[in-house]
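Comments concern the structure below.
These numbers were taken from a predicted model, which means no experiment stands behind them. Protein chains get the first letters and strands the later ones, always in sequence-line order, with residue 1 at the start of each.
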Amino acid sequence: MTKKIRTRFAPSPTGPLHMGGVRTALFNFLFARKHGGDFLLRIEDTDQNRYVPGAEAYIIEALTWCGITIDEGVSVNGPFAPYRQSERKELGIYKEYAEKLVKNGHAYYAFDTPVELENMRNRLINAGNVAPQYNASSRVNMVNSLTLSAEEVTSKLNAGDSYVIRLKVPSGEDIAFTDIIRGEVIVNSSQVDDKVLLKSDGMPTYHLAHIVDDVLMEITHAIRGEEWLPSAPAHILIYRYLGLEKEMPQYAHLPLLLKPDGNGKLSKRDGDRLGFPVFPLNWTDPATGELSSGYRERGYYPEAFVNMLALLGWNPGTEQELFTMEELISQFSFEHVHKGGARFDPEKAKWFNEQYLRKQPDEQLALRLKGAVQNELGYEKSDRRLSESFLVHVIQLLKERVQFETEVLEKGRYLFETPASYDQATLDKKWKPAYQPFFESLTTAIKSNADHTATGLDVLIKSTATAHQLKAGEIMQLLRVFISGQSMGVDLLGMMSLLGKEEVVLRLNNAVQMINDK
RNA sequence: GGCCCGUUCGUCUAGGGGUCUAGGACAUCUCCCUUUCACGGAGGAAACACGGGUUCGAUUCCCGUACGGGCUACCA
């Protein structure tokens, strides 16, 4: 009988969810869905000092925005509730497991004060040890249930002395485990310190908590970031000492997301520095009021964001680049997850958005554009520029020239507003007084012409040009500037047709007026 | 420093002993399309970190070196 696949994303609510965290959640989700399993969200709030209000809600909102649906967890509950470790602590489960380890001789009470720990480290450093550890060799000099008599320990415990429970890691023992992505990993236990399992405030550390919960929640695959690889051997040991090796999930350590430039992993600072979001959603730090921008507010489609993220460290083994969530689910596999870290490229992220923008139906883009136009330009409801036909036409003119919906109005402002100024460089370069009669008769011609379609205008402009012994090429650029104020932009004829006869005539008159005034 | 993990175009990556004259995408360059700018089309430049093995043959396997990353807390 094969167990039902169950994965979990278990973030710590210490701030907004980093895009690397979203990717970890995504891979957990994809793997679970692919195998018809469950995906859980567990909140690992065991560090009360780092707890940030609002972070948990942010995480849930971010995952929801991404389309990463949760089967069980803080937001939806489930058979293994509660899903918040601070609440699970009340169940006494962590202490129970920690004490079980003490009883079977694989963990011990340690009463050392912070000062004593500090002294120990300094002693070791002075002795030439670069990385001082609380381990098999140093613990013999410390205040713990291994060095104290049973009576002393009991009396300290009864007196309510502060203590932690540490894992008793043996020395010189090879610990091997199989990582789904990396294969066999072997570490000598001498490299592992006696990790704190239960803190003096009664809270478990991550090391103990994730194991207890993974077992209790019947997690089959623990998929997490590479930063956990060095402590994985300690986790293996805990499972072993708990007699739970058969229940141990398979571990998969994902490669990290690296900075677009320079060295190191992607951090919040890179976003500020290079001008791209590092977080899925906007986040305002409750303590400092500082705002970190999110992909959502930048105008990214969640589908584009997720697609981009999926391809950072994973590939389908084919040349396909655009995936729906369904396709990601059906094609995801650890065999195609990279081992090396992936440098994040903000340019490619934009490209993904552009691809998704083009897939949007014109009518929907127009509808959303309407909201933006109303907001910014505040037209009357009956204004022609708010009509669906006008807006859809705007979209058609601009759709393939932008990467974000917000750019439509930004780049196409002149489709809504009569220009207040004209591109001087083009005027200087192209304008000749001799052209004036042409523009005047073109204005008249347009005014009296019934056919205001792009092709109709094309014919009209060309014939008027011919009548003035001009070639179309000579005046087109000027016409563009007169109509839009700018030297470049959307298709000129399409733009004139969209604007309508009245507006075109108005703009042409304004332009000629402007020339005369100079 | 120690330990662990990694290393194919600038970037994300395909490829897992002969098919590699190393494929795709982003970015970049050139040309075409075009009234402009884009889009689109065509093309170009661009990579197996290095040194040893193993092998008839290594981008692919092994070992070193270099480089990069992570970890080295009563944080996760």
Paired nucleotide for [N] [Watson-Crick or G-U wobble; both distances under 3.5 Å]:
N      : result
B:rA47 : none
B:rU19 : none
B:rG68 : B:rC5
B:rU54 : none
B:rU30 : B:rA42

I'd like to compare against my own output: the B/S/- annotation of [range] with a strict under-4.0 Å heavy-atom distance to protein.
range                        : result
nucleotides 66-74 of chain B : --SSBS--B
nucleotides 19-33 of chain B : ----SSBS-------
nucleotides 41-51 of chain B : -----------

Between [atom2] of [N] and [atom1] of [X], the distance in whole Å:
X      : N      : atom1 : atom2 : answer
A:E56  : B:rA76 : CD    : P     : 16 Å
A:N129 : B:rG2  : CG    : P     : 12 Å
A:I211 : B:rA76 : CD1   : P     : 13 Å
A:L492 : B:rU36 : CG    : P     : 11 Å
A:L493 : B:rU36 : CG    : P     : 13 Å
A:Y414 : B:rA38 : OH    : C1'   : 10 Å
A:L357 : B:rA38 : CG    : C1'   : 14 Å
A:L397 : B:rU36 : CG    : P     : 17 Å

Out of B:rC12, B:rC3, B:rA76, minimum distance to the side chain of A:A342 belongs to B:rC12
Which of B:rC4, B:rG1, B:rG2 is nearest the side chain of A:V185? It is B:rC4
Go through the side-chain N and O atoms of [X] and [Y] and say whether any donor and acceptor fall under 3.5 Å apart.
X      : Y      : value
A:Y94  : A:D213 : yes
A:Q133 : A:Q191 : no
A:S441 : A:H468 : yes
A:H253 : A:R224 : yes

Report yes if at least one side-chain N or O of [X] is closer than 4.0 Å to OP1 or OP2 of [N]; otherwise report no.
X      : N      : value
A:H336 : B:rG15 : yes
A:R358 : B:rG40 : yes
A:H338 : B:rA14 : yes

Hey, are A:K168 and A:D194 close enough for a salt bridge, meaning a charged N less than 4.0 Å from a carboxylate O? no
With sequence neighbours left out, write down each residue that passes side-chain hydrogen bond (donor to acceptor under 3.5 Å, both in side chains) with A:Q250, or none if nothing qualifies. none
Could you tell me which residues satisfy salt bridge (Lys or Arg N to Asp or Glu O under 4.0 Å) with A:K348, sequence neighbours excluded, listed by chain and number? A:E321
Using the test salt bridge (Lys or Arg N to Asp or Glu O under 4.0 Å), find all partners of A:K156 that sit at least two apart in sequence or belong to another chain. A:D161
Does the Lys NZ or Arg CZ of A:R139 fall within the cation-pi geometry relative to A:Y134 - under 6.0 Å from the ring centre and within 45° of the axis? no
Does the cation-pi check pass for A:R23 over A:F27, that is, NZ or CZ under 6.0 Å from the six-membered ring centre and within 45° of its axis? yes
Going by the salt bridge (charged side-chain N to carboxylate O under 4.0 Å, His left out) test, name the single residue among A:E90, A:E56, A:E44 that passes it with A:R84. A:E56
Where do A:K350 and A:E347 land on the salt bridge (charged side-chain N to carboxylate O under 4.0 Å, His left out) test, with the steps shown first? CA-CA 5 Å; A:K350 289 183 196 162; A:E347 286 307 313; 3.4 Å; yes
Gap separating the CD atom of A:Q396 from the CG atom of A:D491, nearest 0.5 angstrom: 11.5 Å
